[in-house]
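Notes for the one structure printed next.
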Amino acid sequence: MTFVTTLRFTSGDRHVLDSVVNDIKQTARRKGVEMKGPHSKPPEDFRVPQSKCPGRDSKQFRPWRYTIYTRTIHILGHGTFARDTAARDFPDDIYVEADVDRITGGGTDT
């Protein structure tokens with residue numbers, strides 16, 4: 001039975017995001033950890049309307065626009081490395097989600 005930890009990193013700052021993910025990738029390579037990724041998701045552009053004052057018919061400022069970038073990595077086994085990576089201190093503008101899945105080999109009963 002193998003555990004796969006999926007870490008999903010999102011940020012509005014692509015350069016900081018890529019720096020963090022590349023650091024994790026280099027650390028995994030140095031420690032001999034089997035890792036897949038980083039996989040990039042297409043950037044998501046958001047537009048938020050802004051009213052000058054409350055009410056339906058109030059005038060509007062130009063919408064606030066921002067972009068969110070996402071990178072996903074999969075760590076196969078190596079629970080300690082995955083746990084340490086997910087728990088490390090990241091810059092404030094990086095959001096991290098962690099999922100752990102159990103993978104069983106073919107032909108085994110669970």
Side-chain angles (χ1 to χ4, degrees):
M1 171 172 44
T2 302
F3 289 94
V4 177
T5 304
T6 301
L7 298 174
R8 188 173 305 104
F9 301 90
T10 56
S11 178
D13 188 338
R14 183 174 49 92
H15 299 293
V16 171
L17 178 65
D18 288 339
S19 174
V20 166
V21 171
N22 286 334
D23 181 51
I24 293 169
K25 184 177 177 179
Q26 290 173 358
T27 304
R29 186 177 298 140
R30 267 195 327 267
K31 293 187 174 193
V33 172
E34 186 177 354
M35 186 178 100
K36 307 246 185 208
H39 305 290
S40 300
K41 184 178 169 187
E44 294 182 77
D45 293 316
F46 294 93
R47 184 180 152 274
V48 180
Q50 301 181 85
S51 297
K52 289 187 177 183
C53 53
R56 266 180 219 232
D57 299 327
S58 69
K59 293 185 178 185
Q60 301 274 317
F61 289 110
R62 288 190 329 192
W64 175 45
R65 296 175 184 267
Y66 63 98
T67 304
I68 298 295
Y69 303 92
T70 304
R71 305 291 183 267
T72 304
I73 61 174
H74 304 281
I75 301 169
L76 307 170
H78 301 280
T80 302
F81 177 81
R83 198 169 25 261
D84 292 346
T85 301
R88 72 189 250 195
D89 288 330
F90 293 102
D92 289 338
D93 51 352
I94 300 284
Y95 179 74
V96 182
E97 294 177 54
D99 293 318
V100 180
D101 293 317
R102 184 176 69 174
I103 307 294
T104 57
T108 59
D109 293 332
T110 56

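Just so it is clear, the structure is predicted and the values come from calculations on it, not from any experiment.
- Residues Gly12 and Tyr69 approach most closely at O-CE1, 3.7 Å, considering heavy atoms.
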**Request:** Could you walk me through whether Tyr66 and Val48 pass the side-chain contact (heavy atoms from CB on, under 4.5 Å) test, one step at a time?
**Result:** CA-CA 9 Å; Tyr66 63 98; Val48 180; 3.8 Å; yes
**Request:** Apply the test side-chain contact (heavy atoms from CB on, under 4.5 Å) to residues Trp64 and Arg47: give CA-CA distance (whole Å), side-chain angles for both, the deciding distance (0.1 Å), then the verdict.
**Result:** CA-CA 6 Å; Trp64 175 45; Arg47 184 180 152 274; over 6 Å; no
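- Annotation: cation-pi geometry satisfied between Lys52 and Phe61 (NZ/CZ under 6.0 angstrom from ring centroid, within 45° of ring axis).
- Looking at Thr67 and Phe46, their side chains never come closer than 4.5 Å, going by heavy atoms from C-beta outward.
- Between the side chain of Ser11 and the backbone N or O of Asp93, at least one donor-acceptor pair lies under 3.5 Å.
- Within the 4.5 Å cutoff, the side chain of Thr6 has heavy atoms near those of the Thr72 side chain.
- Side-chain atoms of Val33 and Ile75, non-hydrogen and from C-beta on, do get closer than 4.5 Å to each other.
- Between Cys53 atom SG and Lys59 atom NZ the span is 9.5 Å, to the nearest 0.5 Å.
- With contacts defined as side-chain heavy-atom distances shorter than 4.5 Å, the pair Met35/Arg29 does not qualify.
- Atom-to-atom distance recorded for Phe81:CZ and Thr5:OG1 is 10.0 Å, nearest 0.5 angstrom.
- Within the structure, every pair that satisfies the side-chain hydrogen bond (donor to acceptor under 3.5 Å, both in side chains) test and touches residues 75-90, not counting sequence neighbours, is listed here: Asp23-Arg88.
- Inter-residue side-chain proximity for Lys36 and Leu76 is flagged as met; some heavy-atom pair is nearer than 4.5 Å.
- Tyr95 belongs to no hydrophobic cluster with other residues, because no ILVMFWY side-chain heavy atom falls under 4.5 Å from its own, directly or through intermediates.
- Across every non-hydrogen atom of Ala98 and Leu7, the tightest pair is CB-CD2, 3.5 Å.
- Counting heavy atoms from C-beta on, the side chains of Val96 and Phe90 come closer than 4.5 Å.
- Looking at Ile24 and Phe9, their side chains come closer than 4.5 Å, going by heavy atoms from C-beta outward.
- Residue Pro63 comes nearest to Gln50 through the heavy atom pair C-NE2, 3.9 Å, listed as atom of the first residue, atom of the second, then distance.
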List the atom pairs, with distances to 0.1 Å, where a side-chain N or O of residues 14-21 and a protein N or O form a donor-acceptor pair under 3.5 Å, not counting sequence neighbours.
unit_1 : atom_1 : unit_2 : atom_2 : d
Asp18  : OD1    : Arg71  : NE     : 3.0
Asp18  : OD1    : Arg71  : NH2    : 3.2

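- Summarising the geometry, atom CZ belonging to Arg8 is positioned 5.5 Å from atom CG belonging to Asp99; distances are rounded to the nearest 0.5 Å.
- Within 6.0 Å of atom CG in Asp92, 12 or fewer heavy atoms from other residues, nucleotides or ligands are found, so the atom counts as exposed in its surroundings.
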